[in-house]
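A short worksheet on the structure shown next.
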Number of protein chains: 2
Amino acid sequence: MTDINDHSLSALKSRRANRDRGFDDEPRVKAASDSDLIGMAEMLFFAYRDFISDPDTDLSALGFGRAHHRVLHFVNRHPGLRVADLLDILKITKQSLGRVLKQLIDQGYIAQEAGQADRRERLLYPTERGRALAERLITPQLERIARALQAAGANGDQAVRDFLQTMVGSSERARVADLIAHGRERNAKRWTPS
Amino acid sequence: MTDINDHSLSALKSRRANRDRGFDDEPRVKAASDSDLIGMAEMLFFAYRDFISDPDTDLSALGFGRAHHRVLHFVNRHPGLRVADLLDILKITKQSLGRVLKQLIDQGYIAQEAGQADRRERLLYPTERGRALAERLITPQLERIARALQAAGANGDQAVRDFLQTMVGSSERARVADLIAHGRERNAKRWTPS
DNA sequence: AAAATAAGTCAACATGACTGACATAAACGA
DNA sequence: TCGTTTATGTCAGTCATGTTGACTTATTTT
């Protein structure tokens with residue numbers, strides 16, 4: 001995977017200066033807020049790409065991928081989660097989940113047991129091994145977020161939280177907020193930015 | 001795709017209340033900032049999922065997918081982009097790009113021409129058709145973002161921008177900022193939240 | 001007892017990414 | 001001038017993760 005080199009972006013700039021004359025039909029100062037929106041969209045794309053890439057090496061070393069991470073994460077956050085709950089949170093099919101879940105169970109990261117009130121259900125729990133892995137996978141991600149929140153400034157946390165919450169579709173917003181509010185806490189020491 | 005029903009989340013809550021006794025080794029008030037970080041991570045996951053889902057129906061109707069959208073978007077933002085530039089921005093292989101790009105070219109959304117300074121290069125331009133499509137695909141996404149920025153409050157824009165910029169890995173940050181700063185503006189009317 | 005439900009499995013397919021190899025045209029540098 | 005390097009394109013195969021459809025078993029509900 002090659003680096004972006006300065007040459008290529010500089011070339012992009014000078015090339016743009018020469019070629020955009022025919023495309024701009026309004027002066028640059030015009031659409032500042034539109035530019036902000038597109039900029040935000042692009043930043044979100046790049047930000048998320050880096051965020052989800054953090055655990056990849058660890059995952060790959062275990063023969064796992066991002067789907068495994070997601071499953072493990074939410075089971076760890078909500079021990080006792082039913083399969084149907086997980087399907088609903090992740091918005092994937094049971095076939096898709098089944099493949100990944102089976103691997104996590106077979107390899108000892110997740111345990112399952114039949115429900116007591118309803119024996120059809122399968123309740124999912126992280127094993128100690130699973131909790132340790134979930135912790136290891138999320139740590140770099142949380143470091144990234146903590147760093148970014150620091151950059152957001154004194155009241156930035158709230159703004160970012162409001163932004164992200166509102167980015168979630170209105171029909172899901174309350175449910176997502178509820179899910180997040182009731183997730184099991186980490187046992188790790190409190191992380192502080194270095 | 002079934003809805004999350006209130007029953008299932010309430011069951012989750014009461015089940016947690018009964019089952020977490022054995023897992024919590026510290027009172028809930030303890031890890032507030034860790035909980036914030038994990039909450040942010042989860043919100044980012046859900047937010048991004050909704051954000052990238054916005055154009056899916058339109059894309060699917062054309063027999064396209066998200067990869068097509070990404071390619072079209074960046075070509076539209078940077079007319080005259082070289083293939084190598086695109087590879088670098090998207091961080092994918094040329095084989096991966098080739099498949100999608102060929103379809104966009106074949107179907108008239110992107111035009112390409114050899115460079116003048118270096119005839120080996122292929123410079124990519126959106127056609128009128130491509131620009132219209134790029135506009136159509138991104139509009140709901142920008143609406144989502146504008147809405148979310150409004151929720152972020154008076155100075156929220158800056159906090160969110162700083163957050164997202166810092167979420168991008170430090171080695172890429174300046175380049176991403178530069179790329180965004182030099183993107184071609186939209187020609188659409190300014191969007192205002194309803 | 002019949003119908004509905006939770007989960008599990010089989011199978012095939014799609015999207016979008018990867019690796020490796022090879023080819024052609026163009027540019028570069030000795 | 002010529003050998004080397006570079007930009008792009010293509011072929012081929014593989015993989016991760018998602019989808020659809022169908023079917024099964026055990027359990028719960030009506």
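Each chain gets a letter, A, B and so on, in the order its sequence line appears, and its residues count up from 1. Excluded from the calculations below are hydrogen atoms, water molecules and symmetry mates; all remaining heavy atoms, backbone and side chain alike, are included. Keep in mind it's a predicted model, so treat the numbers as computed, not measured.
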Short side-chain N/O contact from [X] to OP1 or OP2 of [N], under 4.0 Å:
X         : N       : result
Thr93(A)  : dG18(D) : no
Arg122(A) : dG8(C)  : yes
His68(A)  : dA16(D) : no
Gln112(A) : dA6(C)  : no

Categorize [X] for me: base, sugar-phosphate, or nothing, with a 4.0 angstrom heavy-atom threshold over every strand shown.
X         : result
His69(B)  : nothing
Gly65(B)  : sugar-phosphate
Arg66(B)  : sugar-phosphate
Ala114(B) : nothing

Could you check Asp118(A) against Leu101(B) and say which one's nearest nucleotide on DNA chain D is further toward the 5' end?
Leu101(B)
Minimum-distance nucleotide (side-chain atoms of [X] versus [options]):
X         : options                   : answer
Gln95(B)  : dG9(D), dG16(C), dG20(C)  : dG20(C)
Arg120(B) : dA7(D), dG16(C), dT19(C)  : dA7(D)
Lys94(B)  : dA21(C), dA17(C), dG18(D) : dA21(C)
Ser96(A)  : dT5(C), dG18(D), dG16(C)  : dG18(D)
Arg119(B) : dA7(C), dT8(D), dA26(C)   : dA26(C)

Kindly say whether Ala151(B) contributes a backbone atom to a donor-acceptor pair with the side chain of Thr166(A) at under 3.5 angstrom?
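Flag not set: sc Thr166(A) to bb Ala151(B) has no pair under 3.5 Å.
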If only side-chain N and O atoms count, and only distance matters, is there a donor-acceptor pair under 3.5 Å linking Arg147(A) with Gln150(A)?
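Side chains of Gln150(A) and Arg147(A): no pair found under 3.5 Å.
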